[in-house]
Amino acid sequence: MNKQVAIIGAGIAGLEAASILDSMGFKVTLVEKAEHTGGHIQNWHQLFPDRRNATEVAQGIISKPLANVSTEFNREVTSIQPFAEKFIISAKDGWVFNADAVLITTGFELFDAKRKEEYGYGIYDHVITSAELETLFKKENGVTLRIGRTPSRIGLVHCVGSRDEKIGNIFCSKVCCVTAVKQAIELKELYPECEIYCLYMDLRMSGRHYEELYKQAQEEYSIQFIRGRLSEAAEDKSGKIIVKVEDTLLGRPLKMTMDMLVLMTGMVASAQTASICSSAGIQKDSDGFFKASDPHLYGNITGIPGIFLAGTCSGPKTISDTLSDARSAALAVQSYLSAEANN
Amino acid sequence: MNEKKLAFGYTVSKDRQIDFDEASLELYNKVCAAEPSIRLCISCGTCAATCSAAKFSDFSLRKLILQVRRGITKGLQAEVSKCMLCGKCQLACPRGVSTRALIMQINMNLQKTGK
Ligand code: SF4
Ligand code: SF4
Ligand code: SF4
């Protein structure tokens, strides 16, 4: 039964699927564009909603047995071509590989906050992204070092790069509301005297225990929530950030000065999505992510038999949803390959 | 020349912007210390929907709480006085905000500061 499966992307979806397909007896090759496996989770400090240590979760996934799995690092796949019931996978560096089935787990990229110019990321020192804040949390006292003093007011801006047709992304990234609430709590723990504000359009606390975390943020950490989308941020002489927002619940514009502004950058489709789609003959959805042939019934199956999807390459997902999706994709691959073997 | 005659009817419009840097959160902090459940308000408006006073005036407890949160105290005394302390809002609030105690705290503190 030694069929060859290629998994494009060794983030958590790729790793999870690899370990399952491996245990089923398939030959698995993970093709990763970076120098290491794990993807984005490696940069995270704590996970929502229970604030579990991210490294621990990453280790839990990475350490699953991968007996017959080989990994190709630094290979950015740009094309997948169906050829005589097999697939030819090519990477940017000229590397070529053949497989009987392909599972795409290319994940997401973080929205480039520089594109939202009016928020001043990349221009003002004290405007950072949510991903950078996680890195600062990982380093002890990293936040103080960044500002140079203890902050007295910090703002977290929701929906940066999401729900914004002006920059071309109409969709919601799903994970950033609860991430903002989690990061607000972590900041408050670090600086009990600091005022923390979340500036949001809607609070989308859609997962289990998210609403409880929100309540806890209000009740135990005195986090304040202002409903309104930031129109712009400006820097004052001392390097502080002045933000303008409408308090839409009061119907009045509001101005406030912050020591630091954290932009909750959303997810966007990874760069190679378009070239993989056109080479393989599979579809890209209107949001730029891969499109499943039937998102309700067959979320892991593409329009080309033998090419499968898992994780955030087919749209924003949480870590637990990504892992479940990867497991179901592994089953879809197995059922395809065993049907093929019986033919 | 008499300057008064040169009035063209223009006036300087009052700035409606909430300048949060100038706002004093003194009232909010005092109310919060005495009635911490104010923190739990999610501005859903259930209280204002059921409120007896809101039927006959422009009173909104949701808005009152928000004004206190934002440090807006001007005109608040007149607002609070519209509440009849009937307690219907407390039965309706999904977040368990102790609304009556909260209104009394706001009123008491406003009277103390004479605003
Ligand atoms: S999860 Fe929240 S912050 Fe993220 S895009 Fe959706 S509404 Fe905006
Ligand atoms: S207690 Fe006051 S605010 Fe609450 S329902 Fe009665 S009148 Fe309205
Ligand atoms: S019902 Fe409760 S939570 Fe809703 S606005 Fe009124 S006080 Fe706030």
Side-chain angles (χ1 to χ4, degrees), chain A residues 152-155 177 181 184-185 188 193-205 210-228 230-234 236-238 240-259 261, chain B residues 13-49 51 54 58-76 79-80 93-99 101-102 106:
Chain A
S152 57
R153 194 185 277 164
I154 298 175
C177 268
V181 171
I185 289 175
K188 191 74 182 180
E193 300 302 320
C194 184
E195 293 173 18
I196 319 257
Y197 294 87
C198 285
L199 308 162
Y200 71 98
M201 293 200 283
D202 305 285
L203 278 178
R204 300 192 163 173
M205 295 292 144
Y210 296 4
E211 188 70 20
E212 287 96 315
L213 191 74
Y214 168 36
K215 190 177 167 190
Q216 195 188 13
Q218 292 180 300
E219 193 168 28
E220 291 167 36
Y221 294 89
S222 296
I223 311 297
Q224 295 277 4
F225 293 83
I226 298 179
R227 196 186 79 181
L230 210 66
S231 66
E232 70 221 55
D236 73 5
K237 275 183 279 180
S238 64
K240 291 191 180 192
I241 307 297
I242 306 163
V243 304
K244 281 188 179 174
V245 65
E246 189 199 7
D247 189 325
T248 58
L249 291 168
L250 275 178
R252 281 174 65 178
L254 183 147
K255 182 194 101 182
M256 67 200 294
T257 307
M258 312 270 192
D259 288 312
L261 204 59
Chain B
S13 304
K14 229 173 73 215
D15 193 347
R16 285 188 71 250
Q17 189 179 52
I18 303 169
D19 188 344
F20 207 80
D21 299 333
E22 300 298 319
S24 160
L25 294 181
E26 197 190 333
L27 177 65
Y28 174 72
N29 290 334
K30 276 188 182 154
V31 172
C32 208
E35 189 42 64
S37 70
I38 187 175
R39 292 188 186 140
L40 290 173
C41 175
I42 48 170
S43 291
C44 68
T46 317
C47 51
C51 176
D58 58 1
F59 179 66
S60 158
L61 178 56
R62 172 191 70 76
K63 216 165 161 182
L64 181 82
I65 292 174
L66 207 53
Q67 284 169 319
V68 174
R69 271 185 170 168
R70 301 287 178 261
I72 301 167
T73 47
K74 204 168 158 249
L76 230 53
E79 277 304 301
V80 193
C93 174
R95 270 300 186 94
V97 177
S98 193
T99 52
L102 183 65
I106 296 172

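Small disclaimer: the values here were computed from a predicted structure and weren't measured. Lettering of chains follows the sequences in order, A, B, ..., and the numbering in each one begins at 1.
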With rounding to the nearest 0.5 angstrom, report the [atom1] to [atom2] distance, [X] to [Y].
{"X": "Met258(A)", "Y": "Phe20(B)", "atom1": "CE", "atom2": "CZ", "value": "8.5 Å"}
{"X": "Ile42(B)", "Y": "Arg227(A)", "atom1": "CD1", "atom2": "CZ", "value": "12.0 Å"}
{"X": "Leu254(A)", "Y": "Gln17(B)", "atom1": "CG", "atom2": "CD", "value": "7.5 Å"}
{"X": "Gln218(A)", "Y": "Arg95(B)", "atom1": "CD", "atom2": "CZ", "value": "4.5 Å"}
{"X": "Glu219(A)", "Y": "Ile38(B)", "atom1": "CD", "atom2": "CD1", "value": "13.5 Å"}
{"X": "Leu66(B)", "Y": "Phe225(A)", "atom1": "CG", "atom2": "CZ", "value": "13.5 Å"}

Under 4.5 Å from any heavy atom of chain B, what part of [X] do you find: side chain, backbone, both or neither?
{"X": "Glu195(A)", "result": "side chain"}
{"X": "Ile226(A)", "result": "both"}
{"X": "Tyr221(A)", "result": "neither"}

> Arg252(A) side chain to Arg16(B) main-chain N or O, any donor-acceptor pair under 3.5 Å?
Replying inline: yes
> Do you know the tightest heavy-atom contact between Lys63(B) and Leu250(A)?
Replying inline: CG-CD2, 3.8 Å
>> Between Cys32(B) and chain A, with a heavy-atom cut-off of 4.5 Å, which part of the residue counts as in contact: side chain, backbone, both or neither?
In response: neither
> In a check of side chain to side chain donor-acceptor pair (under 3.5 Å) between Asp21(B) and each of Arg153(A), Lys255(A), Lys240(A), which one passes?
Replying inline: Arg153(A)
> Got Met256(A) and Glu22(B) here, is their nearest side-chain heavy-atom distance under 4.5 Å?
Replying inline: no
>> Can a side-chain donor-acceptor contact be found between Ser222(A) and Arg39(B) if the only test is distance below 3.5 angstrom?
In response: yes
